[in-house]
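Notes for the one structure printed next.
In the text below, chain A, chain B and the rest are named by the order of the sequence lines, each starting its count at 1.
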Amino acid sequence: MLDYVTSYLHSSLTPGQAGNWLWALVYILVIFAGVSGIVIVMNWGERKALAHMQVRLGPMRVGPHGLMQPIADAIKLLTKEDIMPSEADKPIFWLAPVWVVMIAFSVFIVVPFGPTHAVTDMNIGILFMLGVSSLGVLGIVMAGWASNSHFPLMGALRSSAQMVSYEIAMGLAVVSAIVMTGLGGIGPYGIGSGAGSGTLSMIGIVQAQAQQHVWFIFKFFPVGLVAFFIFAVAMIAETNRAPFDLPEAESELVAGFHTEYSGLRWSLFMLGEYAGMVAVSSIAITLWLGGWLRPFPSTHGPAINIPFLWEHPEQGVVDFAFSFAPALVMLALAFFSFFNAMRMPKHPLLKIQTIGLYAFGLVLAGVGLILLAPPVRDRIQDIFWFVFKIACFMYLYIWYRATWPRYRFDQLMKVGWKVLLPLGLGVLLVTGIIGLGPEIAAWLKGVV
Amino acid sequence: MSIAPLLNKVFMVDLIKGLKVTFKYQHPKEVYTEQYPLERPAIAERYRGLPRLNVNPETGETLCIACNLCATACPEHLIVVQSERNPATKRKEMTSFTLDISRCMFCGLCAEACSTDCLELSQDYEFALYSRDGFIIDRARMERGSEPTVYTR
Ligand code: SF4
Ligand code: SF4
């Protein structure tokens, strides 16, 4: 039994591939908890960042700077009355939120948080992700249909129309990135002789980026960037976020597809939506932003293997320098919360809150110090960079929502069909032509 | 389409400008919200809040001469002044003064009509109540003037 547990520790495979059920279960639980944690943080962060962008303060009362607000919200939602409309289609009404959450979380099976940090690696990983994540729309359609009410139905209709028009552009952009994995060359413009790995596996895609020493967003410079741009737009439409939040448009459709939902069921929808945002962001990160690779992957030491660096410190100075990043980020956050605790108004009512903020800063600083220790420092790196990139994407989501007004439906369709679709086809073509450049040149020579 | 607007559209200059604006406004010094019970807003002097009856600061006697001008001026007829003649001084003296702030629209006509600057609209804005009973305020309440609510835990 003990052998079974420890044998995996020296494996360089994901638990799913190694066939280790126990560790797969551990990974599933950790990822589930982690993603839920991100959703909780995001709940607070979104309200806070959105408030500051609208020159408001946001939650301030529950805990220092409203840090405990998500907990208060959760308690409120769990204790609320659970209403089911009498004319609703009961089983489907019940199933819809569960479905949305299930789909949003099952996508994470193949998300690689590190070279071995995924539940499993499929040889069709990216296909699995796209396929499963677009099933989430089915949950929305079910909710809209089962509510037996006008607004949810309108929201569901919009959602399905939106999915149909954006999935295509999204797919084309993804294919262009997959084509790039098949090229062997090194560097942004490297084409190289001999095919690369040419893979659909999520881990394989990141490894291809590591071998080519470039994030695919910089590959063939504007091409990768345009493909990423298409995906970034389609991704927002997929997750029904502003400025493409037509299915729930609160100023037009009350709350769109979840108008009739309340309490726990409603919070499941929210959980599903935020988990879905994390999921599509991790597709974008894996395909274009180098997954778990740190910035400037071209300056990696001779071996691209990031873990176990502390056993071979000679492998690269840059790697060594970058390995401090997680600790530094944590310490910076700790400093930030200390700074804010000192700036808190000196008022007897705020005393507990100030102490709480100091304590929070201490916890952050403690985590930062733990991350400084060499074994932790090198093992945590890949996960840190992945989560860091997710955090950037989450911030962008909030930023977009605070800035841009909602698109009209015809504008949305116009952007999808008349701009993104041709652009996606063009990007795919250009990627193919550049990738096959040498062959095409040779063929032309033969003809002439 | 001429070239400049086209480029503008392709590179989404307007959208990026918008992003810049929202990003700038994130700075904490831009925050406009007041943490209400902890910090109170500065009320302008001309603000028309809860009516107040002024007293002579030296003697503590009311300045009201019970002339009833305020009650006549009030478009809502919500001021009731009662008085009786003091046989000794032969002067009218105000015995009770009530004002129904649930109907008051804070127009300030009563204060304008007052011949002795006794009735005045103060800067007090904290007079929300849990029941309708307290809305008819009497002379004592009006002479005390503003009573800021103090919040404890
Ligand atoms: S402020 Fe206007 S409505 Fe209020 S008591 Fe005076 S005159 Fe009447
Ligand atoms: S107008 Fe002034 S002095 Fe006359 S009754 Fe009213 S408050 Fe008193």
Which heavy-atom pair separates A:Met53 from B:Tyr25 by the least distance, and what is that distance?
O-CB, 3.8 Å
Is it the case that atom CZ in B:Arg91 sees more than 12 heavy atoms from other parts of the structure closer than 6.0 Å?
no
Measure the shortest side-chain to side-chain distance between B:Val31 and A:His52 over non-hydrogen atoms and say whether it is less than 4.5 angstrom.
yes
Heavy atoms, side chains only, cut-off 4.5 Å: are B:Tyr32 and A:Gln54 in contact?
no
Can you say whether the rings of B:Phe23 and A:Tyr395 are parallel (under 30°), tilted (30 to 60°) or perpendicular (over 60°)?
perpendicular
Of all pairs that satisfy side-chain hydrogen bond (donor to acceptor under 3.5 Å, both in side chains), the ones with a partner from residues 403-413 of chain A, not counting sequence neighbours
A:Asp245-A:Arg406, A:Ser251-A:Arg406, A:Glu252-A:Arg406, A:Thr403-B:Thr22, A:Arg408-A:Asp410
Should the heavy atoms of other residues, nucleotides or ligands under 6.0 Å from OH of B:Tyr47 be counted, would the total exceed 12?
yes
Residues, nucleotides or ligands: over 12 heavy atoms within 6.0 Å of A:Phe339 CZ:
no
